[in-house]
Amino acid sequence: MAYRLERWSKKQIRKQLQIIRGDVAPTIVLKNATYLNNARKKWLNANIWMYEDRIIYVGKDMPVKLEKTEIIDCSDRFVVPGYIEHHAHPFQLYNPQSFAEYASVRGTTTLVNDNLMLLLNSDKKKALTLMGGLDELPTTMLWWCRYDAQTEFVQEDNVFSYSNMKAWLEHPLVVQGGELTSWPKVLLGDDSILHWMQETKKHSKPIEGHFPGASEKTLTQMALLGVNSDHEAMTGEEVLMRLDMGYTTSLRHSSIRPDLPKLLEELKELGLDDFSRVLMTTDGSTPSFYEQGVMDLLIKIALEKGIPDTEAYAMATYNAARHYNLDDSLGMIAPGRIAHINILESKDKPLPISVLAKGQWVKKDGVNCYPVTTFSWADYDINPLVIDWELTEDNLHFSMPLGIEMVNSVILKPYQIATDVTQTEIPDDSYECYFMMVDKKGNWLINTVIKGFANHISGFASSFSNTGDIFIIGKNKKDMLLAFQQLKKQQGGIVLVENGEVINTVELGLYGVMSVKPMEEVMKEERELTNALKERGYLFDDPIYSLLFFSSTHLPYIRVTQKGIFDVKKKTVLFPSIMR
């Protein structure tokens, strides 16, 4: 069952038919519910019957049999489908299971997840088995299939092999290709990625693009190549350009791009009155951002900006389900759909007071009742990061003439190093720090200088990165080594050291990238880490995304990758990594 979107066997369906005929009682009935009918874009009144994880009937009748049926009177309530986050990156310190629980309790009962972390860290069999295991949660967990590593990756040919890609694309829990960050390669003639794009379409699955600042000509070419959607529009005009070309267009509101209020204001001024091909996403925000909510937050913003309630809710439910050709199972309150249902106090309060996910109460009358889940990550070979090698002062030799300078949280540019980097410490009056990227297996390293990260960070180490390799940053080489030693001791995470003392740690026990702790605890740890870094001179908004994107070659201008310091525009390695 875990591997099928068609969740119900012939025997189960026959039993569901018996409920309509009056021979079997439903498990839950929502009585006198005012519910959102997405097909008609209207609020209607009905009784909603469910049997286990499926909606059986929506209409005026009550069941003939009611033995052991739980009846909920919704006379003063409003009922909408469970929300869909169609563009989740479930590894931003949190993990897929912890994010699924947190999101579901706030009404987001379906996640369409990035698979990049699984691709880069797990073998195919374990990763696909994990997807099936996660699908046993009350939350519906669906996935993308990436076409590239979003960085210069040493083992790229092995990871994106024919057999791996074929298995991912054919898997029924994988519902799209992308997001396509490597589109320049395709335009320049990369037929291997184009092949997988075509295979995606053969399976009737859409392709999501990643086209920040793209011109009309570029968007047109990508449409010809088969891309169906994009979430990178940063102005109302860019949204309309995508819609005019037939793209499904997602409006982003995330920790690094909180654009939704501005986009909606501009779209209203531009006269957009049909949002049926518009979605919304939080785009893998860092943990503390979600204290405000998940998709419920985005619906709230849309309502506050004057978007009709039927359109606002559809952008987070029906529109997404229809885009993925899943509206026969998700995104609607109608017979045959999975029983993802949110019960609201009023139409203008999208944070539900009660939530049903796959027919289970995960929140009831304001109380979290998501089932206690002990998820055995080790069964899928997802374990703590084991560092069985040493780093010594001899490895902290800095002689490279080229440094990296931070323009904002995620943009890096090159600069000529003028500081004396042969000393054991860089003075505090400089915004420069030593910077190292070290292979998580200890085979190679890159030593340079970073400008603009902070001016008072003595020692800092992180295994949270795009590839799971280790970044070490600081002004004092001894404190940098101490940060690494603590990172090794706790088997992955983030460590901040000052004057020979560890002053802040975040333990990331899965791959050294994801925490096993609940979302609320991860939020607290992230907030404390961010405050500590800002107190020591971190200049920008989001240090977690800074760490994630140091290696990400879909961003300008240079990146620090496994192959070395990489010029994104020229697509060349400026200074190669050095074997230890």
Side-chain angles (χ1 to χ4, degrees), residues 1-31 33 35 37-39 46-72 79-84 97 100 104 109-112 128-143 170-175 203-204 317-318 321-322 324-343 354-364 369-371 373 375:
M1 184 182 296
Y3 286 85
R4 299 173 56 198
L5 288 177
E6 298 80 9
R7 300 184 60 83
W8 304 282
S9 66
K10 295 181 183 71
K11 183 178 179 180
Q12 288 174 308
I13 293 171
R14 292 293 180 192
K15 192 169 187 178
Q16 292 162 2
L17 293 176
Q18 288 181 292
I19 298 167
I20 301 299
R21 296 166 183 162
D23 300 326
V24 175
T27 50
I28 298 176
V29 171
L30 304 183
K31 184 179 177 181
Y35 80 100
N37 183 301
N38 285 113
N47 301 312
I48 303 167
W49 312 356
M50 284 159 276
Y51 186 78
E52 295 177 346
D53 63 345
R54 197 177 199 189
I55 299 173
I56 302 300
Y57 172 85
V58 181
K60 295 180 180 179
D61 293 341
M62 284 292 287
V64 174
K65 283 200 170 186
L66 289 169
E67 292 89 345
K68 298 183 180 179
T69 300
E70 183 179 9
I71 301 175
I72 306 296
V79 179
V80 296
Y83 309 141
I84 300 170
Q97 183 273 326
S104 288
T109 54
T110 298
L111 301 174
V112 185
L128 299 183
T129 304
L130 169 67
M131 286 163 47
L134 288 168
D135 193 51
E136 296 297 329
L137 299 172
T139 312
T140 292
M141 301 287 274
L142 305 172
W143 298 84
E170 290 178 351
H171 198 287
L173 293 176
V174 172
V175 297
H203 291 289
S204 300
T317 56
Y318 178 64
R322 189 178 59 181
Y324 292 107
N325 300 312
L326 297 173
D327 51 316
D328 61 343
S329 58
L330 296 169
M332 296 183 73
I333 295 176
R337 276 61 179 185
I338 297 172
H340 290 312
I341 293 179
N342 292 332
I343 302 174
S354 298
V355 180
L356 285 159
K358 293 180 183 171
Q360 300 180 58
W361 294 108
V362 298
K363 184 180 186 181
K364 193 171 185 183
C369 50
Y370 199 95
T373 304
F375 200 82

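Just so it is clear, the model here is predicted, and its values are computed rather than measured.
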- Task: State whether the side chain of Arg21 and the backbone N or O of Ile19 hold a donor-acceptor pair below 3.5 Å, judged by distance alone.
- Result: no
- At their closest point, which heavy atom of Gln97 faces which heavy atom of Phe375, and how far apart are they? CG-CB, 4.3 Å
- Message: Please give me the minimum heavy-atom distance between Gly359 and Ile28, naming the atom from each residue.
- Response: O-CD1, 3.7 Å
- Message: Are the side chains of Trp361 and Glu70 in contact, using a 4.5 Å heavy-atom criterion?
- Response: yes
- Candidate pair Glu52 and Lys15, rule salt bridge (Lys or Arg N to Asp or Glu O under 4.0 Å), full reasoning: CA-CA 11 Å; Glu52 295 177 346; Lys15 192 169 187 178; 5.8 Å; no
Please report, to 0.1 Å, the donor-acceptor pairs under 3.5 Å made by any side chain of residues 54-64, with sequence neighbours excluded.
unit_1, atom_1, unit_2, atom_2, d
Arg54, NE, Gly336, O, 3.0
Arg54, NH1, Gln16, OE1, 2.6
Tyr57, OH, Lys60, N, 3.2
Tyr57, OH, Asp61, N, 3.1

- Query: For the atom pair CG (Leu173) and CG (Leu134), what is the distance rounded to the nearest 0.5 Å?
  - Reply: 9.5 Å
- Query: Does Tyr318 reach the side chain of Asn37, with side-chain heavy atoms less than 4.5 Å apart?
  - Reply: no
- Item | N/O donor-acceptor pair under 3.5 Å between His340 side chain and Lys358 backbone | yes
- Item | Heavy-atom pair of closest approach, residues Ala100 and Leu137 | CB-CD1, 4.3 Å
- Note on the structure: Output for pair (Thr140 OG1, Asp135 CG), nearest 0.5 Å, gives 6.5 Å
- Message: Show the nearest heavy-atom pair for residues Leu330 and Ala321, with the distance to one decimal.
- Response: O-CB, 3.3 Å
- Task: Measure the CG-CH2 distance between Leu66 and Trp49 for me, rounded to the nearest 0.5 Å.
- Result: 8.5 Å
- Task: For side chain to side chain contact (heavy atoms under 4.5 Å, CB included), just list the numbers for Ile333 and Val79, CA-CA rounded to whole Å, side-chain angles, deciding distance to a tenth of an Å, and then say yes or no.
- Result: CA-CA 9 Å; Ile333 295 176; Val79 179; 3.5 Å; yes
- Side-chain contact test, heavy atoms from C-beta onward, threshold under 4.5 Å: evaluate it for Lys10 versus Ile13 and give yes or no. no
- Query: Is the closest side-chain heavy-atom distance between Ile84 and Tyr324 below 4.5 Å?
  - Reply: no
- Message: How long is the straight-line distance from CG of Leu30 back to CG of Leu356, given to the nearest 0.5 Å?
- Response: 6.5 Å
- Item | Counterpart residues, side-chain hydrogen bond (donor to acceptor under 3.5 Å, both in side chains), relative to Thr139 (two or more places apart) | Ser104, Tyr370
- Give the minimum heavy-atom separation between Tyr35 and Ala46, together with the two atoms involved. CE2-CB, 3.6 Å
- Interatomic distance, Met131 atom CE to Met141 atom CE [nearest 0.5 angstrom]: 10.0 Å
- Message: Show, in sequence, the C-alpha distance, side-chain angles and deciding distance for Arg322 and Asn38, and conclude whether the side chain to side chain contact (heavy atoms under 4.5 Å, CB included) test is met.
- Response: CA-CA 11 Å; Arg322 189 178 59 181; Asn38 285 113; over 6 Å; no
- Item | Pairing residues for Lys65 by the side-chain hydrogen bond (donor to acceptor under 3.5 Å, both in side chains) criterion, not counting sequence neighbours | none
- Task: Evaluate whether atom NZ of Lys31 has more than 12 neighbouring non-hydrogen atoms of other residues, nucleotides or ligands under 6.0 angstrom away.
- Result: no
- Message: Assess the residue pair Leu142 and Leu326 against the criterion (side chain to side chain contact (heavy atoms under 4.5 Å, CB included)); give the C-alpha distance rounded to whole Å, side-chain angles, the decisive distance to 0.1 Å, and a yes or no.
- Response: CA-CA 11 Å; Leu142 305 172; Leu326 297 173; 3.6 Å; yes
- Interatomic distance, OG1@Thr317 vs OH@Tyr83, rounded to 0.5 Å, equals 8.5 Å
